[in-house]
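These numbers come from a predicted model, not from an experiment.
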Amino acid sequence: MLRLTCLTRGSRGAEAAQLAGAMVGRAVTGWVQRSLQSTSSAAAAQPPHAVEEHATETVQQECPVCSYNEWDPLEEVIVGRAENAQVPPFTVEVKANTYEKYWPFYQKYGGQSFPADHLKKAVAEIEEMCNILSHEGVIVKRPEAIDWSAEYTTPDFKSSGMYAAMPRDILLVVGNEIIEAPMAWRARFFEYRAYRPLIKEYFRKGAKWTTAPKPTMADELYDQDYPYHTVEDRHKLAAQGKFVTTEHEPCFDAADFIRAGRDIFVQRSQVTNFMGIEWMRRHLAPDYKIHIISFKDPNPMHIDGTFNIIGPGLVLLNPDRPCHQIDMFKKAGWTVVKPPTPLIPDDHPLWMTSKWLSMNVLMLDEKRVMVEANETTTQKMFENLGIKTIKVSIRHANSLGGSFHCWTTDVRRRGILQSYFH
């Protein structure tokens, strides 16, 4: 007789569990599946009278996906690819998320490859980043290299692709679940294809896999009259929670969410609307609580260059973009650290981001951080916090829209589900 004992993870008693117990729970899903398959196959191969009752011994295999926060010891990570990266077409949603000084660049190169020499250097930088992560004991996985230049047509729009450089934008890991974000840029509609082989591999090994509702990205999703030139107008609209994306249908980028155990913080941004946030809230309830926070930022897109949690009750807050809800973090006993002014030169191209990539760091654990090699003042800040810096230079990769946190999605961190926000 086959006897199965299932241990569940993510229950409300998880905070009291020891790490060993959590790891056993992560083994069960894959083991149950294999046990049932092998038992069914054996039964089918024998006549009914030949099947005997027997006890089956558990085969332990840890689920490869498990991450609850941004700082537990990192064991496995997905790192994006710069290969074949294309400049997105200069559409309304791209224009709203980019700086005016770069608009001529998009008008000239939209739908074409990024400058070849710059792209070649970015590819080399990310390869070295992967080598360093491996040296630090982290398993590195990569998405597929895809030709993003092909134009595609849906019933609602035409576009070409962009890249698979920033897995943080499209994949959010919550516990043993991979959530595939719907995205909000038309050039990123099919970006998920680069990650599907990896996700299927994780799914086969026991991970949960959820794809959020895909938006049509019809014209109604975007405010066609969104003000582009006046920063003051953008500030006023942001204060009202109004951005280039409307509430026509749910949309969000995963990078607008940041995790701290049972509490997940999110901002309404140019790519994440309230409908998308509400979908996530309902999907993750009751085990996780979604908190909407906002900043004095006329052009928000992805929270980790503004608000980056680097430890239990420890957060980096962009001094140029104060948080409107900062008092609730102080009341919870959190330490709020304001990072120093970025050192990146003014003449270095940042086609779709700001200099504050300096705070877009990746925690390898509570005492190790991957940080830009040229940002010496940021390194000093971490050293003063008692955190060892792993220095890597990815300046050319920065130009594509992200730094270490953006270029990665942590698949597995060694830890358990806890509450850090009371």
Go through it in stages, so that I can follow the logic: the residues are Arg196 and Glu191, the test is salt bridge (charged side-chain N to carboxylate O under 4.0 Å, His left out), and I'd like the CA-CA distance, side-chain angles, deciding distance and then a yes or no.
CA-CA 10 Å; Arg196 280 293 173 85; Glu191 192 167 319; over 6 Å; no
Applying salt bridge (charged side-chain N to carboxylate O under 4.0 Å, His left out), run through Arg413 and Glu70 and close with a yes or a no.
CA-CA 9 Å; Arg413 289 183 180 271; Glu70 311 290 337; 5.2 Å; no
Less than 3.5 Å apart, any donor N or O on the side chain of [X] or [Y] sitting next to an acceptor on the other?
X: Tyr202; Y: Glu76; result: yes
X: Arg321; Y: Ser354; result: yes
X: Gln270; Y: Asn97; result: no
X: Thr98; Y: Trp103; result: yes
X: Tyr195; Y: Glu144; result: no

Cation-pi between Lys208 and Phe203: NZ/CZ under 6.0 Å from ring centre and within 45° of the ring axis?
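Not flagged: Lys208 not positioned over aromatic ring of Phe203.
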Look up atom [atom1] in [X] and atom [atom2] in [Y], then write down how far apart they are to the nearest 0.5 Å.
X: Phe265; Y: Phe421; atom1: CZ; atom2: CZ; value: 4.5 Å
X: Glu366; Y: Asp72; atom1: CD; atom2: CG; value: 7.0 Å
X: Ile290; Y: Asp263; atom1: CD1; atom2: CG; value: 9.0 Å
X: Ser269; Y: Ile277; atom1: OG; atom2: CD1; value: 7.5 Å
X: Gln267; Y: Asp256; atom1: CD; atom2: CG; value: 4.5 Å
X: Glu278; Y: Arg282; atom1: CD; atom2: CZ; value: 4.0 Å

Taking side chain to side chain contact (heavy atoms under 4.5 Å, CB included) as the criterion, tell me which of Pro342, Ser399, Ser403 meets it with Leu357.
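Single side chain to side chain contact (heavy atoms under 4.5 Å, CB included) partner of Leu357 among Pro342, Ser399, Ser403: Ser403.
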Assess whether atom [atom1] of [X] is packed by more than 12 heavy atoms of other residues, nucleotides or ligands within 6.0 Å.
X: Lys355; atom1: NZ; result: yes
X: Lys391; atom1: NZ; result: yes
X: Lys296; atom1: NZ; result: no

Side chain to side chain contact (heavy atoms under 4.5 Å, CB included), that's the test. Do Lys141 and Glu201 meet it? Break it down for me.
CA-CA 11 Å; Lys141 297 294 182 74; Glu201 176 187 339; 3.3 Å; yes
Is there a side-chain contact between [X] and [Y], using heavy atoms and a 4.5 Å cut-off?
X: Arg412; Y: Leu74; value: no
X: Phe404; Y: Glu372; value: yes
X: Phe243; Y: Thr272; value: no
X: Asn273; Y: Arg268; value: yes
X: Thr216; Y: Leu221; value: no
X: Val271; Y: Cys251; value: no
X: Ser393; Y: Met129; value: no
X: Tyr106; Y: Pro89; value: no

Using modelled atom types and a 3.5 Å cut-off, is there a donor and acceptor pairing between side-chain atoms of [X] and backbone atoms of [Y]?
X: His118; Y: His396; result: yes
X: Thr408; Y: Val79; result: no
X: Arg188; Y: Gly161; result: no
X: Asp147; Y: Ser149; result: yes
X: Arg81; Y: Pro143; result: yes
X: Arg259; Y: Ile264; result: no

Please walk me through it: do Gln325 and Ser294 pass side chain to side chain donor-acceptor pair (under 3.5 Å)?
CA-CA 7 Å; Gln325 296 82 18; Ser294 60; 3.2 Å; yes
Got a salt bridge between [X] and [Y], using NZ or NE/NH1/NH2 to carboxylate O under 4.0 Å?
X: Lys121; Y: Glu125; value: no
X: Lys120; Y: Asp117; value: no
X: Glu249; Y: Lys214; value: no
X: Lys242; Y: Glu247; value: no

Checking side chain to side chain contact (heavy atoms under 4.5 Å, CB included) for the pair His302/Thr353: CA distance, chi angles, key distance, verdict?
CA-CA 10 Å; His302 304 161; Thr353 188; over 6 Å; no
Run the numbers on Arg186 and Asp156 for salt bridge (charged side-chain N to carboxylate O under 4.0 Å, His left out), then give the verdict.
CA-CA 10 Å; Arg186 289 169 167 174; Asp156 298 286; over 6 Å; no
Do Leu133 and Val77 pass the side chain to side chain contact (heavy atoms under 4.5 Å, CB included) test, and can you show the C-alpha distance, the side-chain angles, and the key distance before you say yes or no?
CA-CA 9 Å; Leu133 282 167; Val77 70; 4.1 Å; yes
Report the C-alpha separation of Lys388 and Glu136 in whole Å, then their side-chain angles, then the decisive distance to 0.1 Å, and conclude whether the salt bridge (charged side-chain N to carboxylate O under 4.0 Å, His left out) test is met.
CA-CA 12 Å; Lys388 178 184 177 182; Glu136 293 294 324; 5.3 Å; no
Do Tyr99 and Phe105 make the cut of ring centroids closer than 6.0 angstrom?
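Centroid distance Tyr99-Phe105: not below 6.0 Å, so no.
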Checking Val174 against Phe257 for the side chain to side chain contact (heavy atoms under 4.5 Å, CB included) test, could you report, in this order, the C-alpha distance in whole Å, the side-chain angles of both residues, the deciding distance, and whether it holds?
CA-CA 11 Å; Val174 181; Phe257 296 80; over 6 Å; no
State which residue, out of Phe329, Tyr68, Trp71, fulfils the ring-ring contact (aromatic ring centres under 6.0 Å, His included) condition with Tyr420.
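By the ring-ring contact (aromatic ring centres under 6.0 Å, His included) criterion, Tyr420 pairs with just one of Phe329, Tyr68, Trp71: Trp71.
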Of Phe114, Phe90, Tyr163, which meets ring-ring contact (aromatic ring centres under 6.0 Å, His included) against Trp351?
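Only match with Trp351 under ring-ring contact (aromatic ring centres under 6.0 Å, His included): Phe114.
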